[in-house]
There are 2 protein chains.
Amino acid sequence: MEHGGAAAVVTLRGEAELVRRAGDLIASARTEYLCGATDLVTWSAGTNAVFNDGRRPRLRPGPDGLAMRKVYTRQALGDPESERRLARIAASGAQVRISSAPLAREAIVIDGRVAILAGSEARGARTYTVISEPVVVEGVRSLLYAAWEAADDLADCLGAPAARPPVLGEESRAVLAALAAGLTDEAAARRLGMSLRTYRRRVAALMAELGATSRFQAGVLSRRAG
Amino acid sequence: MEHGGAAAVVTLRGEAELVRRAGDLIASARTEYLCGATDLVTWSAGTNAVFNDGRRPRLRPGPDGLAMRKVYTRQALGDPESERRLARIAASGAQVRISSAPLAREAIVIDGRVAILAGSEARGARTYTVISEPVVVEGVRSLLYAAWEAADDLADCLGAPAARPPVLGEESRAVLAALAAGLTDEAAARRLGMSLRTYRRRVAALMAELGATSRFQAGVLSRRAG
DNA sequence: GCCGGGGTGGCACGTTGCTGCCAGCCCGCG
DNA sequence: CGCGGGCTGGCAGCAACGTGCCACCCCGGC
């Protein structure tokens with residue numbers, strides 16, 4: 001049972017063609033605009049061009065409005081400039097979240113009807129694949145939505161001192177594991193073969209690195225970082 | 001630029017056809033078999049039939065072996081029977097993780113070359129869409145891999161008393177928020193308008209519900225549950 | 001050798017978190 | 001009305017956590 005609707009899978013080259021061929025599609029979002037990317041680079045040129053063309057949809061958080069959901073990775077929080085842009089996006093009514101898992105390929109799903117996947121660069125122009133085959137769109141949407149669900153709200157990530165997780169050493173990981181196992185300090189220190197005093201020093205250093213003021217918060221933040 | 005390779009997107013009806021038409025494909029996995037589903041129901045009949053046909057690949061955890069990665073949701077931990085089956089899968093060399101986000105549609109990606117997405121049931125037979133278009137496969141793989149990355153190892157979820165998160169009340173959420181904000185008990189109790197004693201009672205109840213023995217662990221578990 | 005720096009462990013003390021006990025309060029029930 | 005049950009808050013005592021201080025190493029430089 002081959003699928004062949006000529007328009008089921010279409011590959012476009014470059015943002016210009018994306019805007020020309022799929023601009024109407026993108027601007028026609030009515031219920032949900034779900035978008036995932038590692039940072040702000042990929043879609044910015046293409047889709048901003050579409051929306052700035054005087055057809056930016058009104059974002060209403062209400063039940064019948066368009067839900068604009070964007071997931072990025074921590075790389076989108078890299079520099080203050082990107083952070084500001086993200087904050088601006090969020091202020092404009094979009095829901096922005098930060099995923100701690102990598103999103104290697106950018107993806108958009110519009111109203112559960114159309115998916116757009118970015119390919120790699122080829123001859124200077126990025127390719128975009130527009131999919132309208134329902135099963136594929138639904139599959140992509142469910143996966144992208146899972147990433148959305150698993151991600152943190154931008155607001156919870158902005159002030160975090162550990163926006164860039166500091167790549168902990170081997171010992172820190174062991175301490176973290178002991179903490180996460182629910183051991184008391186005494187038991188943990190014995191297991192790790194260090195004195196109670198030193199163990200507590202390690203914990204204090206970890207908490208400082210995470211920016212936590214209580215152990216509960218440290219647990220939450222440690223999981224956010226992985 | 002239409003895509004047409006006749007085999008780029010093929011939809012199959014029912015597990016029998018899946019095995020007949022895509023069995024070789026599934027059994028030919030060499031480097032990575034990445035699979036996501038809400039529970040053990042969907043793929044079991046189809047892919048088990050393929051593998052039990054004497055072509056189960058050898059799972060080697062080494063660098064050149066086949067990495068069999070499976071992500072399920074907490075629903076796969078529903079009953080002890082499913083738990084045992086999951087443990088058996090893990091024991092056979094597959095890496096099994098539990099995602100706290102919903103995976104509405106089942107998906108497989110094989111060696112980064114082929115994706116198979118499950119559709120909804122139609123006339124008693126579930127449909128399976130086999131995709132070999134590289135951009136689409138890569139997009140699906142990156143999303144599925146993100147779900148894999150964000151998920152917890154099965155071992156960390158098996159003993160958890162809160163495998164089924166108990167749908168906390170409004171007040172419990174407020175307590176959790178106060179804890180996650182890093183407040184001291186005193187400050188949190190003031191903010192929530194209750195006495196220190198009562199606040200600590202709430203915290204103790206929460207920790208019991210989560211099965212945590214330390215606040216750090218409670219923080220970790222609370223985030224695992226959402 | 002001596003010296004200084006960095007990491008460690010012991011000790012003491014203060015803070016925070018945990019819980020058993022009891023008194024009070026509100027409610028529904030007989 | 002009395003009575004019991006459930007929830008609350010205060011108190012006390014204990015366990016756990018956090019940290020400043022100091023003595024003790026181990027090392028590398030002078």
Side-chain angles (χ1 to χ4, degrees), chain A residues 152 156 159-226, chain B residues 152 156 159-226:
Chain A
D152 297 317
D156 296 338
R164 184 76 47 108
V167 185
L168 309 161
E170 192 55 43
E171 199 185 47
S172 300
R173 302 193 159 279
V175 173
L176 230 46
L179 282 167
L183 301 172
T184 89
D185 288 7
E186 206 174 3
R190 262 201 311 276
R191 174 170 305 187
L192 300 185
M194 65 180 72
S195 85
L196 184 61
R197 184 72 184 83
T198 307
Y199 176 76
R200 286 184 171 154
R201 261 199 265 265
R202 297 283 178 281
V203 174
L206 263 178
M207 287 182 48
E209 222 165 356
L210 292 167
T213 59
S214 76
R215 286 203 178 189
F216 187 98
Q217 191 183 22
V220 170
L221 295 178
S222 85
R223 247 190 92 74
R224 181 176 299 174
Chain B
D152 298 316
D156 296 338
R164 184 75 48 109
V167 187
L168 308 160
E170 191 55 43
E171 199 185 45
S172 299
R173 301 193 159 279
V175 173
L176 231 46
L179 283 167
L183 302 172
T184 75
D185 287 8
E186 205 174 0
R190 260 202 311 276
R191 176 170 303 188
L192 300 184
M194 66 180 71
S195 86
L196 185 61
R197 185 71 184 85
T198 309
Y199 175 77
R200 286 183 171 156
R201 259 199 267 266
R202 297 284 178 282
V203 174
L206 264 177
M207 287 181 50
E209 223 165 356
L210 292 167
T213 60
S214 75
R215 286 204 178 189
F216 187 98
Q217 191 183 22
V220 170
L221 295 178
S222 84
R223 249 191 91 73
R224 182 176 298 174

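Letters A, B, ... are given to chains in the order of the sequence lines, protein chains preceding strands, and every chain is numbered from 1. Predicted model only: the values in this text are computed from it and were never measured. The figures here come from the full heavy-atom set of this structure, side chains too, leaving out hydrogens, waters and symmetry mates.
Comparing C:dC21, C:dT8, C:dC11 by their nearest atom to the side chain of A:R197 picks out C:dC11. Proximity note for B:S195 (side chain, C-beta onward) versus D:dG18, C:dT8, D:dG9: the nearest is D:dG9. In this structure, the nucleotide among D:dC17, C:dG9, D:dT19 sitting nearest to the side chain of A:T184 is D:dC17. Closest approach to the A:M194 side chain among D:dG18, C:dG9, D:dG9 is made by C:dG9 (side chain taken as heavy atoms from C-beta onward).
Taking atom CZ of B:R200 as the reference point, atom C1' of C:dC18 lies 7 Å away to the nearest angstrom. Atom-to-atom, CZ of A:R202 to P of C:dG7 comes out at 9 Å; the value is rounded to the nearest Å. In this structure, the CD atom of A:Q217 is 12 Å from the P atom of C:dG17, given to the nearest Å. If you measure from atom CE of B:M207 to atom P of C:dT19, you get 7 Å, rounded to the nearest angstrom. To the nearest angstrom, P of D:dG18 lies 12 Å from CG of A:L206. Put simply, CG on A:D185 is 14 Å from P on C:dG17, counting in whole angstrom units. Regarding A:L196, its CG atom lies at a distance of 13 Å from the P atom of D:dT19, rounded to whole Å. As rounded to whole Å, 12 Å separates atom P of D:dG10 from atom CD of B:E186.
Under a 3.5 Å cut-off, the side chain of A:R224 and the backbone N or O of A:D156 do form a donor-acceptor pair.
A:L221 CG to A:E209 CD: the interatomic distance, rounded to the nearest 0.5 Å, is 12.0 Å. Annotation: the span from B:R202 atom CZ to B:L192 atom CG amounts to 10.0 Å, rounded to 0.5 Å.
Heavy-atom nearest nucleotides on DNA chain C were determined for A:R201 and for B:R201, and the one closer to the 5' end corresponds to A:R201. Each of B:Y199 and A:S214 lies near DNA chain D, and the nucleotide nearest B:Y199 is the one positioned closer to the 5' end.
Contact between the side-chain N/O atoms of A:T198 and the OP1/OP2 oxygens of C:dG9 is found at a separation under 4.0 Å.
Backbone-only engagement by A:R215 is indicated by non-hydrogen atom pairs under 4.0 Å involving sugar-phosphate atoms exclusively.
Contact between A:L210 and A:A218 at its shortest, heavy atoms only, is CD1-O, 3.8 Å.
Residue A:D185 is tested with A:R200, A:R197, A:R201 for a salt bridge (Lys or Arg N to Asp or Glu O under 4.0 Å); the sole match is A:R200.
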